[in-house]
Amino acid sequence: MNTAAKHYKFINSKTGYVIFYHSLKADLSPEELKAELEKVRAHVAIQNSIYQETVYWEQITDDV
């Protein structure tokens, strides 16, 4: 059984560049989802030696 996923891109707000992509299970509660995204944001900031507040995420959708 394949669980649907939500896909996110993490962006450096100073440059506008996407610096990381991540997927999470779609069945997470809103609180769980936000907690996981915050963990990933912190990890991405540390790995890129930038302030955590500089990184934000956007959900990737199929809208054209």
Notebook entry, point to check: Hey, mind stepping through Y8 and I60 against side-chain contact (heavy atoms from CB on, under 4.5 Å) and telling me if it holds?
Noted result: CA-CA 5 Å; Y8 296 87; I60 299 171; 5.7 Å; no
Notebook entry, point to check: With respect to H43, which candidate in R41, K39, Q47 satisfies the side chain to side chain contact (heavy atoms under 4.5 Å, CB included) definition?
Noted result: Q47
Note to self: Quick check against the 3.5 Å criterion: does N12 have a side-chain atom that pairs as donor or acceptor with the backbone of K14?
What the structure shows: yes
Notebook entry, point to check: Same cluster for I11 and V55 if Ile/Leu/Val/Met/Phe/Trp/Tyr side chains link at under 4.5 Å?
Noted result: no
Note to self: Please find the pair of heavy atoms, one from Q52 and one from A45, that lie closest to each other, and give the distance.
What the structure shows: CA-CB, 3.6 Å
Next item on the list: Without swapping roles, check the side chain of E36 against the backbone of L33 for a donor-acceptor pair under 3.5 Å.
Entry: no
Notebook entry, point to check: Same hydrophobic cluster for Y56 and I19, using side-chain heavy-atom links shorter than 4.5 Å among ILVMFWY?
Noted result: no
Check: L37 and W57: which non-hydrogen atoms are nearest, and at how many Å?
Finding: CD1-NE1, 3.3 Å
Notebook entry, point to check: To the nearest 0.5 Å, how far apart are CG in D27 and CD in E32?
Noted result: 8.0 Å
Notebook entry, point to check: Can you find a heavy atom in the side chain of Q59 that is under 4.5 Å from one in the side chain of K9?
Noted result: no
Check: Would you say the side chain of F10 lies within less than 4.5 Å of the side chain of V18, judging by non-hydrogen atoms?
Finding: no
Note to self: I'd like to know if the side chain of S23 and the backbone of A5 have a donor-acceptor N/O pair within less than 3.5 Å.
What the structure shows: no
Notebook entry, point to check: Mind checking whether L28 and K6 have side chains closer than 4.5 Å, heavy atoms only?
Noted result: no
Next item on the list: Output the distance between atom OG1 (T54) and atom CG (N48), rounded to the nearest 0.5 Å.
Entry: 10.5 Å
